[in-house]
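What you are looking at is a predicted structure, and each value in this text was computed from that prediction instead of being measured.
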Amino acid sequence: SKPNYTFSGWYTDSACTTEYDFNTTVTNSFTLYAKFKEFSGMFGKYDASGNEDGMFQNTYYVEYGSYPQSLYSGDTTSFNLVSGKTYNLKDKNCPVYTDGTNEYVKFESSSTDTTYTGVKYYKVEPVRWLIVGYGDGSMINTSDAFSIDLTTNKITYPSGKSGLTVVSEKVLSVKIFDEYDNPAFINGLEVEADWQNSKIRSYMNDVMFGELFASDNAKIKSTQLTTGCVSMDDSVTLVSQSTNDKLFLLSTDEEGKNT
């Protein structure tokens, strides 16, 4: 173990770039190197340098749930199927395999897929969420008396605040917002980009939520949302009915905020 770090695997080189395959036959002595992440418990914080892309400087984050993310190009001959477990990628239920330590999702392109062909494996990894707001949806400002003790995982909130709103650091999936074969109507007007009736809302909360968090979802609370939408002829902006969702997209107003 290493204080304020979490173990993330055994590697064959000191730079920790080649993960060791425990199915390899051992014929002589060798050295393995332990890789650790700068992380304590569930929470962490980027310093002034930010993440590996130089973004999100001085930002708290939390690792919670898991999802297929990194493309895996190593040997798959020792993989074993995980019975009964799948992930929905590009509207396909894709099987999950394990090497005894990690899980990988196998995506096989169909004959109609014009993006790429063949088989790809994606490693299932912890999801890192950036902490951007409080449970009521208000944003965290640099002047707020907000902090997290990374040793004890204790959160200090400003007066009157509780809970957290988080945004995934990486793009986890790409889906169309909706298909307009069954248009929605509000106050007799046909509308576009209606979150309440969209396919993306159904996918995120009925499918993706279960894949991300499985049974470990007790900490995630529903958020009441009131969203706007525009009539198909762009003549009027309407307010959709309120919804209660655990996963949702940022509104255009929220996307424009930087504090």
Side-chain angles (χ1 to χ4, degrees), residues 41-46 55-56 58-69 87-88 125-148 153-179 184-187 191-230 237-259:
M42 291 180 59
F43 294 100
K45 186 179 183 180
Y46 289 124
M55 302 174 64
F56 313 122
N58 301 310
T59 300
Y60 285 106
Y61 58 82
V62 57
E63 287 189 348
Y64 194 53
S66 57
Y67 204 73
Q69 296 175 72
Y87 281 87
N88 185 282
E125 300 169 302
V127 178
R128 183 166 290 187
W129 307 85
L130 305 174
I131 299 174
V132 298
Y134 302 107
D136 61 4
S138 61
M139 306 297 285
I140 294 175
N141 294 301
T142 55
S143 60
D144 287 349
F146 174 83
S147 64
I148 302 176
N153 287 328
K154 181 180 179 180
I155 303 174
T156 300
Y157 291 100
S159 177
K161 297 295 184 181
S162 64
L164 298 172
T165 295
V166 299
V167 178
S168 61
E169 180 177 333
K170 296 181 179 180
V171 175
L172 299 178
S173 182
V174 177
K175 294 281 184 179
I176 61 170
F177 186 89
D178 205 358
E179 294 175 350
F185 290 86
I186 298 178
N187 296 337
V191 298
E192 59 181 343
D194 174 37
W195 166 255
Q196 178 190 1
N197 299 288
S198 65
K199 292 185 179 297
I200 190 69
R201 178 188 175 223
S202 176
Y203 165 73
M204 290 176 69
N205 287 275
D206 297 339
V207 179
M208 192 177 189
F209 181 80
E211 293 176 340
L212 275 165
F213 308 111
S215 59
D216 185 21
N217 54 42
K219 294 182 177 66
I220 304 172
K221 307 300 181 184
S222 293
T223 299
Q224 187 175 42
L225 308 172
T226 300
T227 57
C229 53
V230 181
T237 299
L238 301 166
V239 177
S240 177
Q241 295 181 13
S242 295
T243 62
N244 288 284
D245 300 300
K246 294 188 174 183
L247 291 180
F248 51 89
L249 302 176
L250 290 175
S251 69
T252 53
D253 179 58
E254 289 168 330
E255 287 178 347
K257 295 180 179 179
N258 57 16
T259 57

Inset, instruction - Not counting sequence neighbours, which residues clear salt bridge (Lys or Arg N to Asp or Glu O under 4.0 Å) with Lys170? List them please. - result: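 Expected list: none.
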Legend entry - Those residues that, when tested against Asp245, pass salt bridge (Lys or Arg N to Asp or Glu O under 4.0 Å) (two or more places apart):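 Salt bridge (Lys or Arg N to Asp or Glu O under 4.0 Å) check on Asp245 returns Arg201.
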Between atom [atom1] of [X] and atom [atom2] of [Y], what is the distance when rounded to the nearest 0.5 Å?
| X | Y | atom1 | atom2 | answer |
| --- | --- | --- | --- | --- |
| Phe43 | Tyr64 | CZ | OH | 10.5 Å |
| Asn58 | Phe56 | CG | CZ | 13.0 Å |
| Phe177 | Leu249 | CZ | CG | 6.5 Å |
| Trp129 | Thr165 | CH2 | OG1 | 12.0 Å |
| Ser159 | Asp144 | OG | CG | 11.5 Å |
| Leu247 | Ile200 | CG | CD1 | 10.0 Å |

Inset, instruction - Identify the two heavy atoms, one from Tyr134 and one from Pro158, that lie closest to each other, and give their separation to 0.1 Å. - result: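 In terms of heavy atoms, the two residues are closest at OH-CG, 3.2 Å.
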Inset, instruction - Specify the closest pair of heavy atoms between Asn244 and Ser222, including all atoms of both residues, with the distance to one decimal. - result: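 Shortest heavy-atom contact: CB-CB, 4.3 Å.
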Inset, instruction - Evaluate the side-chain proximity of Val62 to Leu164: yes if any heavy-atom separation is below 4.5 Å, no if none is. - result: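 SC-SC contact between Leu164 and Val62 ruled out.
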Legend entry - Side-chain touch Tyr61/Ile148, heavy atoms, less than 4.5 angstrom: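 The answer is no, as the side chains (C-beta and beyond) never meet within the 4.5 Å cut-off.
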Inset, instruction - Go through the steps for Ile220 and Phe209 under the test side-chain contact (heavy atoms from CB on, under 4.5 Å), then give the verdict. - result: CA-CA 10 Å; Ile220 304 172; Phe209 181 80; 3.8 Å; yes
Inset, instruction - With sequence neighbours excluded, tell me which residues meet ring pair (Phe, Tyr, Trp, His ring centres under 6.0 Å) with Tyr60. - result: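 Applying ring pair (Phe, Tyr, Trp, His ring centres under 6.0 Å) to Tyr60 gives Phe146.
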Going by the rule side-chain hydrogen bond (donor to acceptor under 3.5 Å, both in side chains), which residues pair with [X] if we only count those two or more places apart in sequence or in a different chain?
| X | result |
| --- | --- |
| Glu169 | Tyr46, Asn51 |
| Asp136 | Ser138, Lys161 |
| Tyr67 | Tyr203 |
| Ser202 | Asp206 |

Legend entry - Identified side chain to side chain contact (heavy atoms under 4.5 Å, CB included) partner of Leu172 from the options Glu211, Met208, Met204: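 The option that passes is Met208.
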Legend entry - Test side chain to side chain contact (heavy atoms under 4.5 Å, CB included) applied to Lys221 - qualifying residues, sequence neighbours left out: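 Result, side chain to side chain contact (heavy atoms under 4.5 Å, CB included) vs Lys221: none returned.
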Legend entry - Donor-acceptor under 3.5 Å (Gln69 side chain, Glu125 main chain):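 Yes; at least one donor-acceptor contact below 3.5 Å.
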